[in-house]
Amino acid sequence: MDMAGDLGIMKIMKLDMDSRFDHQKLEPEIYKAWEKSGFFNPDNLVKKGIAKKSAGRFSMVLPPPNVTGVLHMGHAIVLTIEDIMTRFARMQGKKTLWLPGSDHAAIATQAKVEKILYKEKGQSRHDLGREEFLKLVEKFAADSHKTIVNQTRRMGASLDWSREAYTLDDQRNFAVRTAFKRMYDDGLIFRKDRVVNWDPKAQTTISDDEVVHTERKALLYTFKYSKDFPIAIATTRPETKLGDTAVAVHPSDKRYKKYVGKVYDVNFAGEKLQIKIIADKDIDPEFGTGALGVTPAHSMVDYEMSLRHNLPLKQVIDERARMTVGGEDIKDKKTIEAREVILEWLRKENLLEKTEEITQNISTAERTGGVVEPLPKLQWFVDVEKKFKIPKSSIRGIKSESDVTLKELMRTVVKNGQIKILPKRFEKEYFRWIDSLRPWCISRQIWFGHRIPVWYKENKMHVDMDAPKEKGWEQDPDTLDTWFSSSLWTFSTLGWPKQTKDLKEYHPTDVLETAYEILFFWVARMILMSTYLLGEIPFRTVYLHGLVRDEQGKKMSKSLGNSIDPVDMIELYGADAVRISLIIGAAPGSDSKTSEDKIRGYRNFTTKIWNASRFVLMSYDASLKTKPAYTAADKRNLKKLEDTKKRVAGYIEDFKFHRAAELIYQYFWHTFADKVIEQSKDRLRSGKEADRAAAQDVLMKILKESLKMLHPFMPYITESIWGKLPREKGESDMLMVEKC
RNA sequence: GGGCAAUUAGCUCAGUGGUAGAGCGCUGCCUUCACACGGCAGAGGCCGCAGGUUCGAAACCUGCAUUGCCCACCA
């Protein structure tokens, strides 16, 4: 194989080695040489005969980073683990594809740009209008994309940039509209008035998974609606009681049995209410008075209860979290202000029986931190429990043309082992999530994202790929949940809905590697979409890694000021040191800690690799042609090398990257450098020729094999050293594609 | 309220039935021609607690404690 010339790697080769590895200068040069070689693209691996049919293929998508900012340690660990898998597969001669892309991250990106716009110009998005504002967001996204892609390259990630995708580009938009249309036609997407999670801060709905429960202290008030109402109720939000349409008690609660079924007209703080007493087994007779004021429009629980009992729904709070009913002193007031007014009225009327402090869980929006206000709204949903006919299925246990639900599909592929989730404990969480899954609200009242492919005219509705030809149709102003488009990622990136060669070759992908945090958001929904739209699994193995924390074990975040910038660390210590320090000590699915000290420690390892290699190269006498006479110790050393290689490969195949990395570290430093090299010194200087030949052969052999083992973990320095070593027949000029 | 995980040397963590390990840190010696971002030597742990299984347990089982995380509609 002679490709050194046009690969440009010769330029960075020298006959001997510099006294240190200049990572700042050499890493970017090496990355360029890799890119120029074209070997990140599997087509070229096949063309040049590097990928062997018998070795099979390996495909994986990169979890697309959000175009909201810069690379952080979370990305760094993703890139490192996935690059290890990718490089390992490539060196095994597999047709290897690792596909990059980025995510438009609808709410997150829009919120960020709105913040900047307000800070810089004091304007809101409405001041600009939809079109102008979107231009601004797109500009921001493009800049951010550029930064992230450059930083991704610095990490050494061997991604096939020729296939790069974006969740909001034309091709992906086509996939999104296709998916939406198909789901609508199958009755799996519906539009309905339902109580949804409303984020008053972002002014949009959010899905159940975007709701975060946080504990806080609150006051629990016990009172009666009016003097002649028989039952006292307890609440932390008296203002919502203007929307009550029932009081619920436990069916076997003797205190209240006689009232069940009765209807009362009451005047509550000036608002006329009609309250029906109902019995529901979800009521805890022990809590408060054992009676719950049911507010169907402003509580998820109460809403579900109202559906069971056929209760009317009365909205009293609007999108700005202000009251829509009540007298002058209440209407249009913020909920907290209205609460005080009502409490004042309760005291005056002598209806307030008790006030106590409790700790309660409140719902907040994941992105904005705003307190979620449940509201009835007309929105689009995905029905996960409706039966539909699946045309074609390669899922074990689900026949083509059979009737299934999305939940069944999601559950089946993990239950039957077609998809393995590692570590296994996350499978349990996955099933639990599916069991409690409700309709997925997919419409968002924001501008940045895939516009919903639905058009309205008077009372007519048109759901299709494109707008109707005739005039007067208005497109739905809402956009789709960002996870709708990213859930198509494993196949939309390969050309779906077109039946492309890539789709046939690389789907299902082999591995989906990501942080356990987004198991529900993303992984589960990819399974949903792939099984539904393609009738096949999106990936065979889900490998989940933990979060990277700081020295104190705190989550790294900008606001805490404890985040370590991976790019700073690369500048200081090199990408190889950053990579291996993120791997060692990070068991699958467990959080790990990182610090500059740790990275510096592993930088020392790169120096050790460099110096040991320098020694082997400098003491190597190429003119020595004598047949080597191996000693028993030489054979033992070579045997140990083979054992180590096998164990390392086994660990990688088992997704135990931390074990593999630690083993190579131990082997290279404490076996090869400390023992084998030290023991060879005398022989190299004064031994007989045959012994010298044996000694230098063993050293060169172990060095080369060690570099191969190390390459997936520390690609830069190993590639650099490989380029300086004498090559034997059949050996590639580029370590990246050398057989291991 | 339900579930999951962790608890091993000062710190960070490996170690899934057979005489306690690594890195960092610490102590002492060594600047010898690969490397002081180094070498050699060394100190340091009744493996959270209590029971049990076993010839044998840090590992398996039961209970407890502490910490962390996830989920959940106690108003």
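Fair warning: this is a prediction, and the values are worked out from it, not measured in the lab. In the text below, chain A, chain B and the rest are named by the order of the sequence lines, each starting its count at 1.
To the nearest whole angstrom, the two P atoms, one in B:U16 and one in B:U7, are 13 Å apart. B:U27 and B:U32 have their P atoms separated by 23 Å, given to the nearest Å. Rounded to the nearest Å, the gap between the C1' atom of B:C13 and that of B:A5 is 15 Å. B:A6 sits 12 Å from B:C61 when the P atoms are compared, rounded to a whole Å.
For the side chain to side chain contact (heavy atoms under 4.5 Å, CB included) with A:L346, the lone residue among A:L351, A:T355, A:V341 that qualifies is A:L351.
Judged by distance alone, with hydrogens and angles left aside, A:K608 brings a side-chain donor or acceptor within reach of the base of B:C35, the pair sitting under 3.5 Å.
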I'd like a table of atom pairs between the protein and nucleotides 71-75 of chain B - only N or O on both sides, under 3.5 Å - with the distance next to each one.
residue, atom, partner, partner atom, Å
B:C71, O2', A:R432, NH1, 3.4
B:A72, N6, A:N361, ND2, 2.8
B:A72, N1, A:N361, ND2, 3.2
B:C74, O2, A:D284, OD2, 3.2
B:A75, O2', A:A234, O, 3.4
B:A75, N6, A:D284, O, 2.7
B:A75, N6, A:F287, O, 3.1
B:A75, N1, A:D284, N, 3.4

Q. Tell me, for nucleotides 19-27 of chain B in 5' to 3' order, what letter each nucleotide earns: B for a base near a protein heavy atom under 4.0 Å, S for only sugar-phosphate near one, - for neither?
A. ---SS----
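Going from atom CZ of A:R685 over to atom C1' of B:C33 covers 7 Å, rounded to whole Å. When the C1' atom of B:A36 is taken as reference, atom CZ of A:R603 falls 12 Å away, rounded to whole Å. Taking atom CG of A:D674 as the reference point, atom C1' of B:G39 lies 8 Å away to the nearest angstrom. Atom CZ in A:R659 sits roughly 12 Å away from atom C1' in B:C13 (whole-Å rounding).
Secondary-structure annotation of RNA chain B gives the stems B:1-7 with B:65-71, B:10-13 with B:21-24, B:26-30 with B:38-42, B:48-52 with B:60-64, with a stem taken as at least 3 successive Watson-Crick or G-U pairs whose two distances both fall under 3.5 Å.
Of the residues near RNA chain B, A:R600 and A:H658, the one whose nearest nucleotide (by heavy atom distance) lies more toward the 5' end is A:H658. Sequence order on RNA chain B of the closest nucleotides to A:A587 and A:T607 puts A:A587 first from the 5' end.
Figure legend: cation-pi geometry between A:K415 and A:F431, with NZ or CZ positioned under 6.0 Å from the six-membered ring centre and within 45° of its axis. Seen from the ring of A:F615, A:K681 counts as a face-on cation partner, given the 6.0 Å and 45° thresholds.
The pair A:D435-A:R432 does not meet the salt-bridge criterion, since no charged nitrogen lies less than 4.0 angstrom from a carboxylate oxygen. We find that A:D18 and A:K25 are not joined by a salt bridge, their nearest charged nitrogen and carboxylate oxygen being 4.0 Å or further apart.
Distances shown here put a side-chain N or O of A:K428 below 4.0 Å from the OP1 or OP2 atom of B:C4.
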